[in-house]
There are 2 protein chains.
Amino acid sequence: MVLLRQGMQHVRNYYNSEAQMIRNNFSRSTFISQTYKSSFLKQRSKADNKLLAAKKHSEAEKRRRMRINGQYDTLRDILPNLIKKDKASILVETIKQVKELKKKALKLEEDNHGTTKEVKFPSGVDKLNLEKCNDEKGLVKATLSCEDRPGLMSSIARALGSMKAKVVKVEMVTVGGRNRSVLWVQGVENEGLGMLKSTLKVVMHKPSFKMRRFTQ
Amino acid sequence: MVLLRQGMQHVRNYYNSEAQMIRNNFSRSTFISQTYKSSFLKQRSKADNKLLAAKKHSEAEKRRRMRINGQYDTLRDILPNLIKKDKASILVETIKQVKELKKKALKLEEDNHGTTKEVKFPSGVDKLNLEKCNDEKGLVKATLSCEDRPGLMSSIARALGSMKAKVVKVEMVTVGGRNRSVLWVQGVENEGLGMLKSTLKVVMHKPSFKMRRFTQ
DNA sequence: ATGTACACGTGACCC
DNA sequence: TGGGTCACGTGTACA
């Protein structure tokens with residue numbers, strides 16, 4: 001009886017060892033009874049060879065098991081908070097950890113290089129975006145891209161100073177006549193958020209002569 | 001009996017009905033001749049129970065194997081650049097990845113907090129440092145740490161605006177009443193360097209009644 | 001022919 | 001005592 005199932009990656013052949021074993025035993029015993037007198041020594045050496053091969057085989061299999069189980073042991077060591085020590089649970093937990101670590105590393109990498117490379121340069125079109133940083137309480141990150149002009153930094157500084165919010169961090173980049181500013185503001189309430197936004201929007205699009213009047 | 005199997009995701013339980021059939025037939029027939037008169041039903045139920053238990057056992061074991069192998073399959077999926085697909089190699093590679101990712105995540109985290117802690121956070125004592133960035137022409141990096149006060153950003157902005165130099169990038173961090181500002185300025189000549197320095201020094205130490213009112 | 005890797009069934013052990 | 005886990009030896013396929 002043959003069951004055919006096809007594999008995507010690992011196509012292997014499976015057979016039922018039990019039925020096979022039964023068949024083998026049967027054929028073996030009948031065979032021995034038939035050739036007992038004719039080729040005893042040959043049979044014996046054959047049997048010894050078979051036994052030796054079996055021993056080698058089982059030893060190799062044991063080495064394989066030990067190799068695998070050794071890896072399980074090290075996994076048990078490097079995995080923190082491992083409640084269930086059984087193999088399946090170890091693998092499950094390992095997979096979980098790998099996925100988590102991958103995501104974490106990716107995020108950290110993006111955070112690091114993103115703020116230094118891609119996100120940092122000003123956009124060609126004017127933009128204003130406010131977002132809450134959920135990792136800290138009441139911290140809001142405001143990102144704006146606009147045309148650069150003399151006194152832009154002063155304008156932004158004054159706009160921020162006019163609010164009761166506290167500016168924790170500022171990052172401004174000017175290149176090619178465009179400016180990108182990121183402001184981390186703490187202590188803005190929900191209504192203050194809209195005020196901050198409108199204030200920044202005014203600053204972004206304020207004509208230069210107005211700014212000049214303010215700065216002087 | 002040959003099973004050609006596919007599939008990591010849809011694992012199903014197969015057992016060999018052929019071997020089972022053979023065994024059943026055999027035990028039943030031998031038994032009939034031996035215990036026909038004494039305890040037919042009892043014997044039969046006993047043998048069947050044993051067989052049933054064995055079957056349950058092997059099926060459970062098969063389920064266990066499948067559970068484990070399923071995890072191996074998902075490991076094969078999420079691990080990149082997996083050359084050797086065998087179990088031991090998978091575990092070895094997994095361990096390697098976990099260690100690497102842990103180290104990487106730790107390093108990135110330290111980098112993040114490191115630049116936010118040691119380099120980025122304001123110094124407790126007032127500092128002013130100018131240095132030329134040799135990687136770009138005429139780019140000067142000015143780093144200053146001083147007491148924070150309302151309008152500090154405006155002051156710095158105005159001071160920079162009063163100079164003909166072009167501010168390429170600004171980074172300001174305020175925490176614990178202290179401020180650290182890093183300014184990347186382009187187009188300052190050698191004499192302008194001293195001017196920039198003295199100007200910033202004035203800004204740093206400018207007394208502010210407003211500040212006093214805030215801090216007390 | 002030789003070695004490597006896998007699934008299988010089974011005895012043993014532990015809640 | 002039954003369900004869950006493990007190690008073991010074995011049969012088989014593949015290179």
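- Non-hydrogen atoms lying under 4.0 Å from DNA chain D are contributed by Asp86(A), Lys87(A), all within residues 73-88 of chain A.
- Within a heavy-atom distance below 4.0 Å of DNA chain D, the residues of residues 54-63 of chain A found are Ala54(A), His57(A), Ser58(A), Glu61(A), Lys62(A).
- Scanning both residues, Ser145(B) and Val125(B), for their nearest heavy atoms gives CB-O, 3.9 Å.
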Chi angles and distances behind the side chain to side chain contact (heavy atoms under 4.5 Å, CB included) call for Leu183(B), Leu196(B)
CA-CA 11 Å; Leu183(B) 321 165; Leu196(B) 176 63; 5.7 Å; no
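- Checked by atom type and distance alone, the side chain of Arg178(B) pairs as donor or acceptor with a backbone atom of Gly124(B) at under 3.5 Å.
- Rounded to whole Å, atom P of dC8(C) lies 16 Å from atom CZ of Arg65(A).
- One can place CD1 of Ile68(A) at 12 Å from C1' of dA7(C), the figure rounded to the nearest angstrom.
- The shortest side-chain heavy-atom distance between Gln71(B) and Val92(A) falls under the 4.5 Å cut-off.
- In this view, Asp86(B) and Lys84(B), Ala88(B), Ser89(B) satisfy the side-chain contact (heavy atoms from CB on, under 4.5 Å) rule, not counting sequence neighbours.
- The residue from Leu144(A), Asn179(A), Asp148(A), Val182(A) that alone fulfils the side chain to side chain contact (heavy atoms under 4.5 Å, CB included) condition with Met172(A) is Asn179(A).
- For the pair Leu52(A) CG and dT2(C) P, the computed distance is 11 Å after rounding to whole Å.
- Paired runs in DNA chain D that reach 3 or more consecutive Watson-Crick or G-U pairs, where each pair keeps both distances under 3.5 Å, cover C:2-15 with D:2-15.
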Intermediate values then yes/no, side chain to side chain contact (heavy atoms under 4.5 Å, CB included), Val175(A) and Arg180(A):
CA-CA 9 Å; Val175(A) 55; Arg180(A) 179 179 189 271; over 6 Å; no
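- Listed by chain and number, the residues in a salt bridge (charged side-chain N to carboxylate O under 4.0 Å, His left out) with Lys50(B) amount to none (sequence neighbours excluded).
- For the pair Arg64(A) and dT4(C), the criterion of a side-chain N or O lying under 4.0 Å from OP1 or OP2 is not met.
- Within a 6.0 Å sphere centred on NZ of Lys102(B), other residues, nucleotides and ligands contribute more than 12 heavy atoms.
- Following rounding to the nearest Å, Gln71(A) (CD) and dA5(C) (P) show an atom-to-atom distance of 12 Å.
- For Glu61(A), the side-chain contact (heavy atoms from CB on, under 4.5 Å) criterion is met by Arg64(A), Arg65(A), not counting sequence neighbours.
- Heavy atoms only, all atoms of each residue included: Ser155(A) and Val203(A) are closest at CB-CG1, 3.7 Å.
- Taking side-chain N and O atoms only, Asn69(B) has a distance below 4.0 Å to OP1 or OP2 of dA7(C).
- In this structure, CE of Met66(B) is placed 13 Å from C1' of dC6(C), rounded to the nearest angstrom.
- For the pair Arg67(A) and dT4(C), the criterion of a side-chain N or O lying under 4.0 Å from OP1 or OP2 is not met.
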